[in-house]
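Presented below is the structure to which this report refers.
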Amino acid sequence: MTKNNSSQSLKLPICNHEPAAYDGPSREEVLALRQQYVSPGVITYYKEPMMIVEGHMQYVFDETGKRYLDAFAGIVTISVGHCHPQVAEKVQQQVGRLQHTTTIYLHPAIAQFAEKLADKMPEGLDRSYFTNSGSEANEIAILSAREHTGNQQVIAVRNGYHGGTSTAMSLTAHGNWKFKSNQDAFVKHMHAGYCYRCPFGLEYPSCELKCAHDVKDLIQYETPGEVACFIGEPIQGVGGAVTPPPEYFSIIYDIVRQHGGICIADEVQGGFGRTGTHYWSHQNWDVVPDMVVMAKGIGNGVPLGGMTTTAEISKVMTNRVHFNTFGGNPVSMIQGMATLEVIDAEGIQENARVVGEHLKQRLTELQDKHQLIGDVRGMGLMLGVELVRDRKTKEPASSETAEVLEQAKERGLLLGKGGLHGNTLRIKPPMCITKDDADFMIECLDSILGGMHSSS
Ligand code: PMP
């Protein structure tokens with residue numbers, strides 16, 4: 001693998017933001033402190049972990065002042081830009097006025113934010129329960145589904161990711177994220193709509209969506225025939241932007257409902273306009289879920305998650321007393337509300353569509369040029385580029401993907417990776433990026449891939 005030294009010629013698009021001079025502990029000191037005092041389970045990216053000390057819109061800065069285009073958005077969390085001035089101002093005001101009392105007292109922000117979310121949801125989904133993370137929101141979703149239906153069995157999707165708490169880890173279907181001691185026996189996994197690696201070796205549309213119909217067999221063979229729910233990410237995030245065919249979810253939703261279950265869309269990564277075409281990613285499949293789970297991008301960087309469902313289903317949370325100390329706190333609610341306002345006011349969804357289409361088109365052109373690119377997929381600004389060593393065998397190019405990330409960092413570009421074998425580049429930037437930023441990404445990838453493998 002040869003290193004390409006053309007990185008000098010690549011220039012990030014102009015940005016007028018000057019980062020403040022950094023006067024904190026050095027990167028090495030921070031690393032040493034982390035190694036000594038922070039659990040080794042808190043992972044970092046890169047051979048030499050990088051330190052980021054400032055952010056401005058689609059860019060972040062390390063302690064030396066070097067600027068990077070953040071194409072991973074703090075793992076798909078910064079929706080409208082790092083420290084977006086309008087969001088930051090509102091939250092700063094709130095921090096100075098009141099941070100916390102819990103929901104045992106009234107505060108306007110939780111009620112107003114819930115109203116705003118209901119306004120964005122499919123008809124009838126208008127009761128929200130707020131948490132601090134996506135994992136917790138999924139816990140509430142599954143708990144509610146089980147209480148509502150009286151059934152225990154949950155259907156999730158292979159290659160999916162739903163979090164790291166007990167039930168959420170069980171919903172997750174990547175062996176490397178599943179600890180041996182912590183699995184819920186009532187969660188079953190059906191096949192993903194992963195056409196590039198079809199589990200049945202078929203091709204769309206002649207496959208007749210065998211992957212989706214698989215849920216019927218799963219219910220009949222592995223459950224008592226009645227289920228609590230189905231949960232799926234419309235586009236699998238951690239799984240590497242796996243995007244099922246158009247009929248996939250409607251087939252599953254029908255079968256699951258016939259077996260007593262409700263349907264949950266995990267919109268933690270795909271929501272808030274990221275797919276460009278719709279506000280919610282599930283709308284691209286023309287289905288209406290009974291419950292929507294959110295986190296990450298909903299709050300543009302504060303701990304904020306939530307689950308929204310119907311009035312009827314939401315009642316089950318009164319079956320016992322349930323409480324979440326920080327869920328619905330005024331600071332997160334204000335930040336969530338300000339984020340939603342900016343998404344609307346600045347045409348963020350439309351930008352995701354326009355820049356996303358441009359980026360995907362250019363990635364597809366790169367695929368023609370570089371053999372390593374096996375598949376380009378996703379929608380809007382939720383894109384995946386799967387790297388393979390051989391286009392016929394589709395052998396995952398895992399170490400090459402890690403190397404692309406390293407070299408992209410040197411060039412001033414932060415990317416993510418995902419998929420079972422860590423061989424899919426994940427491109428999910430703040431949705432305020434420009435076409436120039438997209439072109440910069442393409443130039444980076446072109447020069448990196450050109451230096452790694454001979455072009456076809
Ligand atoms: N659902 C999805 C689709 C996710 O991508 C994630 C996080 N990667 C979660 C749930 C869990 O969210 P959190 O890390 O906030 O608990």
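Because the structure is predicted, anything quoted here is derived from the model rather than measured. The figures here come from the full heavy-atom set of this structure, side chains too, leaving out hydrogens, waters and symmetry mates. When a ligand or atom number is given, it counts from 1 through the structure's own listing order. Residue indices begin at 1 and follow the sequence shown.
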Notebook entry, point to check: Do Lys178 and Gln183 get their side chains close enough for a donor-acceptor pair, meaning under 3.5 Å?
Noted result: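 There is such a pair between these side chains.
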Next item on the list: Kindly compute the distance separating CG (Leu69) from OH (Tyr59), expressed to the nearest 0.5 Å.
Entry: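 If we round to the nearest 0.5 Å, Leu69:CG and Tyr59:OH are 6.0 Å apart.
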Notebook entry, point to check: Could you give the distance from NE2 (His162) to CD1 (Ile142), rounded to the nearest 0.5 Å?
Noted result: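 Between atom NE2 of His162 and atom CD1 of Ile142 there are 8.0 Å.
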Ligand-side contact atoms (ligand 1) for residue partner [X], heavy atom cut-off under 4.0 Å:
| X | value |
| --- | --- |
| Ser133 | 15 (O), 16 (O) |
| Lys296 | 5 (O), 6 (C), 7 (C), 8 (N) |
| Asn138 | 1 (N), 10 (C) |
| Gln269 | 5 (O), 8 (N) |

Does [X], backbone or side chain, put an N or O under 3.5 Å from an N or O of ligand 1?
| X | value |
| --- | --- |
| Ser135 | yes |
| Glu233 | no |
| Gly134 | yes |

Item checked: Nearest neighbour in protein (non-hydrogen) for atom 2 (C) of ligand 1 ->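 For atom 2 (C) of ligand 1, the nearest protein heavy atom is Tyr161 O, 3.4 Å.
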Next item on the list: Considering heavy atoms of the protein only, find what lies nearest to atom 1 (N) of ligand 1 and give residue, atom and distance to 0.1 Å.
Entry: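 The closest one turns out to be Asp266 OD2, 2.8 Å.
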Donor-acceptor contacts, no H, no angles, side chain residues 106-121, under 3.5 Å, sequence neighbours left out:
| residue | atom | partner | partner atom | Å |
| --- | --- | --- | --- | --- |
| His107 | ND1 | Ala109 | N | 3.0 |
| Lys120 | NZ | Asp344 | OD1 | 3.0 |
| Lys120 | NZ | Asp344 | OD2 | 2.9 |

Item checked: Heavy-atom gap Glu267 to ligand 1 smaller than 4.0 Å ->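 Under 4.0 Å: no for Glu267.
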Do any side-chain atoms of residues 249-256 form donor-acceptor pairs under 3.5 angstrom with protein atoms, and if so which ones, sequence neighbours left out?
| residue | atom | partner | partner atom | Å |
| --- | --- | --- | --- | --- |
| Ser250 | OG | Glu247 | O | 3.1 |

Check: With the threshold set at 4.0 Å, does a side-chain nitrogen-carboxylate oxygen contact exist between Glu357 and Lys360?
Finding: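 Between Lys360 and Glu357 there is no salt bridge, as every charged N stays at least 4.0 Å from the carboxylate O atoms.
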Check: Does Glu48 pair with Lys409 as a salt bridge, N-O distance under 4.0 Å?
Finding: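 No, no charged N to carboxylate O under 4.0 Å.
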